[in-house]
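Quick notes on the structure that follows.
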Amino acid sequence: EIVEAVRAARAAGVTSALVDAGSFPLPTIAGRMDEWSALLNDGRGFLLLRRFPIDLLDEAGVELAYLGLGTHLGTPVGQDRDATVLGHVRDEGVARTHPGIRFYRTKERQDFHADGADLVGLLCLQRARRGGESRIVSSAAIYNEILRRRPDLLEVLYEPFHWDRNDEQSPGEDPFFSMPVLNDVGGVPRVFYIGWYIRDAQRHPP
């Protein structure tokens, strides 16, 4: 069904930049989207889907299929200064010698972090020879553990921290911004934490 949706979208002139749920119909799979959405937003918070048809599509087709499926769960948003919606995590053979080099371009390990979106998707195209494992942790469980052990620290996490812009600031913009790790949205604590952004911001004068 996903492969057929790609073929139909291409025939209609739909690209990865233009695809939406209406131009990428998934009549059978769409019947499960409400269940998946509830699980992601109000349940355990993650979902593993197997057998994505990467072997039946070329590279551009895989990107269109991945974004097309995603539009049934939400609206894609940009992830960096260039508003990149779909990025590739691969070792480009560069070392992270300064904060302007994104970790996902290197072979270095990334700490646990929460990206700046309600939902985040990852699609494995090629398994690494070694390493490359992804791990998931519940930010709600971490919140509850801090509440149990050191509730005073929760108040600190609601205060603004300085975050590095990774050398992606616009002209005239500060190279860092301020934002708390914890914010309440609809009465529910939401966590946005990327530790190295906060640590990297220490390079800037106050």
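All values derive from a computational prediction rather than experimental measurement. Nothing fancy with the numbering, it's 1 onward along the sequence.
Ala5 and Pro25 get closest at one heavy-atom pair: CB-O, 3.6 Å. For Ser138 against Ala141, the heavy-atom pair with the smallest separation is OG-N, 3.0 Å.
No side-chain heavy atom of Ile2 sits less than 4.5 Å from a side-chain heavy atom of Arg51. His72 places none of its side-chain heavy atoms less than 4.5 Å from the side chain of Ile29. Side-chain contact check for Ile146 versus Ile142: some heavy-atom pair is nearer than 4.5 Å.
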Does the salt bridge (charged side-chain N to carboxylate O under 4.0 Å, His left out) test come out yes or no for Asp111 and Arg199, once each step is laid out? CA-CA 12 Å; Asp111 298 334; Arg199 294 190 295 271; 2.9 Å; yes

Glu173 vs Arg165, test: side chain to side chain contact (heavy atoms under 4.5 Å, CB included). Steps then yes/no. CA-CA 10 Å; Glu173 192 173 41; Arg165 291 190 186 275; 3.6 Å; yes

Given side chain to side chain contact (heavy atoms under 4.5 Å, CB included), test Asp164 with His204 step by step and report yes or no. CA-CA 9 Å; Asp164 199 279; His204 303 295; 2.8 Å; yes

Test log, rule side chain to side chain contact (heavy atoms under 4.5 Å, CB included), inputs Asp167 and His98: CA-CA 9 Å; Asp167 296 339; His98 62 85; 3.8 Å; yes

Step-by-step side chain to side chain contact (heavy atoms under 4.5 Å, CB included) determination, Met33 to Leu69: CA-CA 10 Å; Met33 288 293 178; Leu69 177 65; 3.2 Å; yes

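Listed by chain and residue number, Leu47, Leu73, Leu119 satisfy the side chain to side chain contact (heavy atoms under 4.5 Å, CB included) test with Leu40 (two or more places apart in sequence, or in another chain). Qualifying side chain to side chain contact (heavy atoms under 4.5 Å, CB included) partners for Leu56, counting only residues two or more places apart in sequence or in other chains: Val3, Pro53. Under the rule for a side chain to side chain contact (heavy atoms under 4.5 Å, CB included), the partners of Ser178 that lie at least two apart in sequence or sit in another chain are Pro160, His162. Shown here are the ring pair (Phe, Tyr, Trp, His ring centres under 6.0 Å) partners of Trp36, two or more places apart in sequence or in another chain: there are none. In this structure Phe161 satisfies the side chain to side chain contact (heavy atoms under 4.5 Å, CB included) test together with Val156, Leu157, Trp163, Val181, Ile198, sequence neighbours excluded.
Val191 is connected to Val137 through a chain of hydrophobic side-chain contacts under 4.5 Å among Ile, Leu, Val, Met, Phe, Trp and Tyr, so both are in one cluster. In the hydrophobic clustering of ILVMFWY residues, with side-chain heavy atoms under 4.5 Å counting as a link, Leu154 and Val185 come out apart. Note: the hydrophobic cluster containing Val89 does not contain Phe52 (ILVMFWY, side chain heavy atoms under 4.5 Å, direct or indirect links).
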Donor-acceptor pairs are to be reported for all side-chain atoms of residues 60-68 against protein atoms at under 3.5 Å, with residues two or more places apart or in another chain.
{"from": "Glu63", "atom 1": "OE2", "to": "His88", "atom 2": "NE2", "distance (Å)": "2.9"}
{"from": "Tyr66", "atom 1": "OH", "to": "Gly121", "atom 2": "O", "distance (Å)": "2.7"}
{"from": "Tyr66", "atom 1": "OH", "to": "Leu122", "atom 2": "N", "distance (Å)": "3.0"}

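Atom CZ of Arg150 and atom CD of Glu155 lie 12.5 Å apart (nearest 0.5 Å). Separating the CG atom in Asp91 from the CD atom in Glu108 is a distance of 9.5 Å, to the nearest 0.5 Å. Residue Glu92 holds its CD atom at 9.5 Å from CD1 of Ile101, rounded to the nearest 0.5 Å. Considering CG of Asp55 and CG of Leu125, their distance stands at 11.5 Å, rounded to 0.5 Å. Summarising the geometry, atom OG belonging to Ser134 is positioned 12.0 Å from atom CZ belonging to Phe46; distances are rounded to the nearest 0.5 Å. One finds the CZ atom of Arg190 at 12.0 Å from the CG atom of Leu182 (value rounded to the nearest 0.5 Å).
The number of heavy-atom neighbours closer than 6.0 Å to CZ of Arg7, taken from other residues, nucleotides and ligands shown, is 12 or below. Shown here is Glu59, whose CD atom has no more than 12 heavy atoms of other residues, nucleotides or ligands within 6.0 Å.
Geometrically, Arg96 engages Phe103 in a cation-pi contact, judged by NZ or CZ lying under 6.0 Å from the ring centre and within 45° of the ring axis.
For the ring pair (Phe, Tyr, Trp, His ring centres under 6.0 Å) with His113, the qualifying choice from Phe192, Trp196, Tyr193 is Trp196, the only one to do so.
No hydrogens or angles considered: a donor-acceptor pair under 3.5 Å links the side chains of Asp20 and Ser23. Judged purely by distance below 3.5 Å, without hydrogens or angles, the side chains of Asn183 and Tyr158 never pair a donor atom with an acceptor atom. Side-chain contact check for Glu1 and Thr28: at least one donor-acceptor pair (N or O, by modelled atom type) lies under 3.5 Å.
The closest donor-acceptor contact from the side chain of Gln79 to the backbone of Val85 lies under 3.5 Å. No side-chain donor-acceptor contact under 3.5 Å links Thr84 to the backbone of Leu86.
Under 4.0 Å is where a charged nitrogen must lie from a carboxylate oxygen, and between Arg102 and Glu168 at least one such pair does.
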